[in-house]
Number of protein chains: 2
Amino acid sequence: MADTTRPFNFSAGPAILPQEVLERAAEAVTALRLGGHQPDAPSIGLSLLEVSHRGGPYQAVHDRAIELAHSVLNIPEDTHQILLLPGGASMQFVMVPTNLSRPGRPASFVDTGAWSSKAIAEARHFGEVRVLGSSSDSKFDHIPPVNWADAAGSSFLHITTNNTIYGTEYEDLPHAPEGVPLVVDASSHIGSRPMALERAALGYAGAQKNLGCSGLCLVFLRRDLIDDPEAPASPKFLKYATHANANSLFNTPNSFGVLVLKLVLEWIEARGGVEAMARLNNEKSELLYETLDNSSLFAAHARAGHRSRMTIPFTLNGAPEAERDALTARFLTEANDLGFQGLKGHRSVGGCRASMYNAFPVEGARALTSFMREFERRA
Amino acid sequence: MADTTRPFNFSAGPAILPQEVLERAAEAVTALRLGGHQPDAPSIGLSLLEVSHRGGPYQAVHDRAIELAHSVLNIPEDTHQILLLPGGASMQFVMVPTNLSRPGRPASFVDTGAWSSKAIAEARHFGEVRVLGSSSDSKFDHIPPVNWADAAGSSFLHITTNNTIYGTEYEDLPHAPEGVPLVVDASSHIGSRPMALERAALGYAGAQKNLGCSGLCLVFLRRDLIDDPEAPASPKFLKYATHANANSLFNTPNSFGVLVLKLVLEWIEARGGVEAMARLNNEKSELLYETLDNSSLFAAHARAGHRSRMTIPFTLNGAPEAERDALTARFLTEANDLGFQGLKGHRSVGGCRASMYNAFPVEGARALTSFMREFERRA
């Protein structure tokens, strides 16, 4: 694995991007091409970074990114509008209740770890929060069972569909009770496989994992929610309607982030779409889970049946407790020396974490698992 | 002027950037160098866009950008902290009153045009707003006189120190009354000349004009305001304390925007700092104002003594009213054909606007004024 010029990048986010996306993004930083930076189109002689967001050259990028987000991610254009907003998921933790909370109705959440806990904490500023289920007792190693009917009467129902830190993933999006908007934070697995995103009334994803670079958030919301007269009064900037009615040009967008989003979506489309991504992501994650499940040293954190195909935390829990920390450190050092970067786990779980987003190659998963088996034999 | 490969870029923002900044930023998109992307340092083999914001290679960029913002922009480190936040000024229109409004105390503003009007409208969601002065009666062609003592007792006093659309600029930052934090929106002229920014308790600037690219906002605030126990309760994301106490890494920052900020600040420093920028900006703006004041066709919108050195709107008001629109259109078309881009004025003023940020070359101002004189002879 050390014979490639690029290390294998397991970073949790900002995360690995396709080499050709990086090259074309770099090119647009020196000179943007016409028509949304189509290859072989003439250059406009100026950088993407220095042209007006209200001029033709940028607008082509902006409009194409939105069009591709609809088609590649299967977000129906007739029912949902796509917004390109600054910041990431953390800002949506505020915008969601700003727009969707309703007096006298609780907001319902499922607590699946750090990110849903943060969303819950922000929502409490806007009214009562009801936690329908939590897996905190077992270190969030599974998606807790929930009776979705318990969300009836809520102002909205929020789930985090992939949990980076604990490595769990919803297999399917639920159907919320009638009249309750389902809200999904899909930051860390959007675009990784076909998903019934149309079930969500509102969804969001920080772009820096599977969709591009940081500082940009893709939001999609049902058109009937945009100008809901029941929405509470709030500053204009925090209202989805403000951005929706201005096609995400109310204020200057992160234009570079939007270009990278467009390039990533084109890359997914050219590779066969989310179906093709799913095949590769299944292959990569199965390689790793198989190695973990057949190991007496390594162990996956998440329970079978609840496991993420994108973000896989694992520990060296098969080692005697007294030696575990030292052995983990040795594993990480050796891995790093061999070109496996970003494998250190989040402090909440400890151990290791392999984030293998769309652009992560199957060879990387093969190389890592082969190294893990070899390390275990020696350990 | 057409013999250069780059057009003269008068875009109001996103705006012209130095060629060498663009080249180094593009390089970091394909592979980041160590030590905050220092020239000649070895590459890390990964793009800036795909590395963790908590890892060494990005941290070097982040810390250096903040250090340079202090030194290059003369924001004292002992009294003020710098934050690198997502979005631009529009988001600060919400964050400022979220953090600084106090029950029973009005917020004071000076209304100098579109941007201050937007800030005022957002602040009204948080309590009473007092407008101490406005130049709306004369199409915001000057900075209105204000008795600063009238701000006494306010929760804060807000001014927009350069007004892009109407082309006015505060010569000096005022002293706010004792106990009233002065807040400045310096988006469109920060870094253009020495300024007494330390007089501001809080300041902000969208990066996409003089500091880099869009999707990033530089905020500086007095350290005693960060954890003010009197600050109203609010969502965590909207509190300055949240970002200040996490060194702007509470959530994933716009890491590319931060790199471009760092490169722009290095470029300013290498050129002789804000003093050198001021000399060039004076030269460019004097060339244009002299041409405007000596013309019987063209006229500056802003009154002498109130004029911006960065953003200069002008009209063809010397032409008979019946011919004005057609002549303006002809001027803009001819200018565009000669490589003067982005000269069309904002619809609020009409006519033309020349934004000449730091990176705009003196030759561009010379070429434009020479073309204007030639056009006037023909008209």
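To find a chain, count down the sequence lines: A is the first, B the second, and so on, and within it residues start at 1. Atom set for the values below is all heavy atoms of this structure, side chains included, hydrogens, waters and symmetry mates excluded. Because the structure is predicted, anything quoted here is derived from the model rather than measured.
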(message) Please classify the contact of A:V94 with chain B as side chain, backbone, both or neither, using a heavy-atom distance under 4.5 Å.
(response) side chain
(request) Sort B:Y357 into side chain, backbone, both or neither according to what part of it lies under 4.5 angstrom from a heavy atom of chain A. (result) neither
(request) Please state whether the side chain, the backbone, both or neither of A:S214 comes within less than 4.5 Å of a heavy atom of chain B. (result) both
(message) Ring centres under 6.0 Å, that's the criterion: do A:F93 and B:F237 meet it?
(response) no
(request) Would you indicate whether the side-chain heavy atoms of A:V29 and A:L48 approach each other to under 4.5 Å? (result) no
(request) Give, as side chain, backbone, both or neither, the part of A:E23 having an atom under 4.5 angstrom from any heavy atom of chain B. (result) both
(request) Sort out for me which of A:G215, A:A15, A:G87, A:P86 touches chain B most, counting heavy-atom pairs under 4.5 Å. (result) A:A15
(request) Would you mind checking which part of A:L85 comes under 4.5 Å of any heavy atom in chain B, side chain (CB onward), backbone (N, CA, C, O), both or neither? (result) neither
(request) Identify whether the distance between the nearest side-chain nitrogen and carboxylate oxygen of A:K209 and B:E50 falls below 4.0 Å. (result) no
(message) Under a 3.5 Å threshold, yes or no: a donor from one side chain and an acceptor from the other, between A:D185 and A:S116?
(response) no
(request) Against chain B, work out which of A:N251, A:V51, A:T30 has the most heavy-atom pairs shorter than 4.5 Å and name it. (result) A:V51
(message) Closer than 4.0 angstrom, basic N to acidic O: yes or no for A:E20 and A:R24?
(response) no
(request) Specify which of A:S47, A:A28, A:G88 makes the most heavy-atom pairs with chain B at under 4.5 Å. (result) A:S47
(message) Under 6.0 Å from the ring centre and within 45 degrees of the ring axis: does the NZ or CZ of A:K118 meet both conditions for the six-membered ring of A:F109?
(response) no
(request) Please lay out, stage by stage, how A:K344 and A:R353 fare under the test side chain to side chain contact (heavy atoms under 4.5 Å, CB included). (result) CA-CA 6 Å; A:K344 194 176 183 327; A:R353 175 169 50 166; over 6 Å; no
(request) Can you tell which part of A:V21 gets under 4.5 Å to a heavy atom of chain B, answering side chain, backbone, both or neither? (result) neither
(request) Indicate whether any N or O donor in one side chain lies under 3.5 Å from an N or O acceptor in the other, for A:H37 and A:E27. (result) yes
(message) Need one label for A:Q19: side chain, backbone, both or neither, based on atoms under 4.5 Å from any heavy atom in chain B.
(response) neither
(request) Side chain from CB out, backbone as N, CA, C, O: work out which of these in A:Y58 comes under 4.5 Å of a heavy atom of chain B, or both, or neither. (result) neither
(request) Below 4.5 Å from any heavy atom of chain A, which atoms of B:I44 appear? Answer side chain, backbone, both or neither. (result) backbone
(request) Go through the atoms of A:A12 and report whether side chain, backbone, both or neither lie under 4.5 Å from a heavy atom of chain B. (result) neither
(message) Given heavy-atom pairs under 4.5 angstrom as the criterion, report whether the side chain, backbone, both or neither of B:S234 touches chain A.
(response) backbone
